[in-house]
Amino acid sequence: MKTLQFVAATAALFVAAPAVAQDDYNGATQILQGDYASAEKVILKQQRMFPGDADLLLNLARIYSLTGRTSEARATYSAVLARPDDLMDLPNAARPQSSHALAGAALRRLDGYQITAR
């Protein structure tokens, strides 16, 4: 099982968070501070070393969603679903969560937002 830490950005969405803030390799600190441009730079740099890493992909997709890039968010969440499922420990959850479940829930929210916006 792959162990990652997450913090809830909202009640329904999780953003990957590092165990030690100064060792932030996945942009979580910047996302939580609302500095999406810096978070995206951190994530894209880390993806060169860790391609396909689920927490990087989930955080990147969240940035895309927060910055109105819905098609990029959808494609990135789909990339999470296309790779092997990772179990992730969430500090506010009783049991590990599936990267596929997190990406699937985010895609459903994106679809719901589009339907509502019509």
One pair to check against side chain to side chain contact (heavy atoms under 4.5 Å, CB included): Thr29 and Asp35. What are the steps and the verdict?
CA-CA 9 Å; Thr29 300; Asp35 188 356; over 6 Å; no

Heavy-atom pair with the smallest gap, counting every atom of Ala54 and Val80
O-CG2, 4.5 Å

Measure the spacing between CZ of Arg83 and OG of Ser99 and express it to the nearest 0.5 Å.
6.5 Å

Distance in Å, Asp85 CG paired with Gln97 CD, rounded so as to fall on 0.5 Å steps
10.5 Å

Does the pair Thr70 and Tyr64 meet the rule for a side chain to side chain contact (heavy atoms under 4.5 Å, CB included), with working shown?
CA-CA 6 Å; Thr70 306; Tyr64 290 154; over 6 Å; no

Smallest heavy-atom separation, Val42 atom then Gln30 atom, equals CG2-NE2, 3.8 Å

In Å and rounded to the nearest 0.5 Å, what is the CG to CG distance from Leu58 to Asn26?
10.0 Å

Approximate separation, where rounding is to 0.5 Å, of Asn59 CG and Gln47 CD:
10.0 Å

Would you say the side chain of Leu44 lies within less than 4.5 Å of the side chain of Leu60, judging by non-hydrogen atoms?
yes

Closest non-hydrogen atoms of Leu66 and Tyr36, given as atom of the first, atom of the second and distance, are CD1-CE2, 3.5 Å

To the nearest 0.5 Å, tell me how far Ser98 OG sits from Asp86 CG.
8.5 Å

Could you tell me the separation between the CG atom of Leu57 and the CZ atom of Phe50, rounded to the nearest 0.5 Å?
13.0 Å

Nearest heavy-atom approach of Ala73 to Ser65 is CB-N, 3.7 Å

On a heavy-atom basis, the closest approach of Arg69 and Ile63 is NH2-CG2, 3.8 Å

What closest approach, in Å, do Leu56 and Tyr25 show between heavy atoms, and which atom pair accounts for it?
CD2-O, 3.7 Å

Any Lys/Arg nitrogen of Lys45 or Glu40 sitting under 4.0 Å from an Asp/Glu carboxylate oxygen of the other?
no

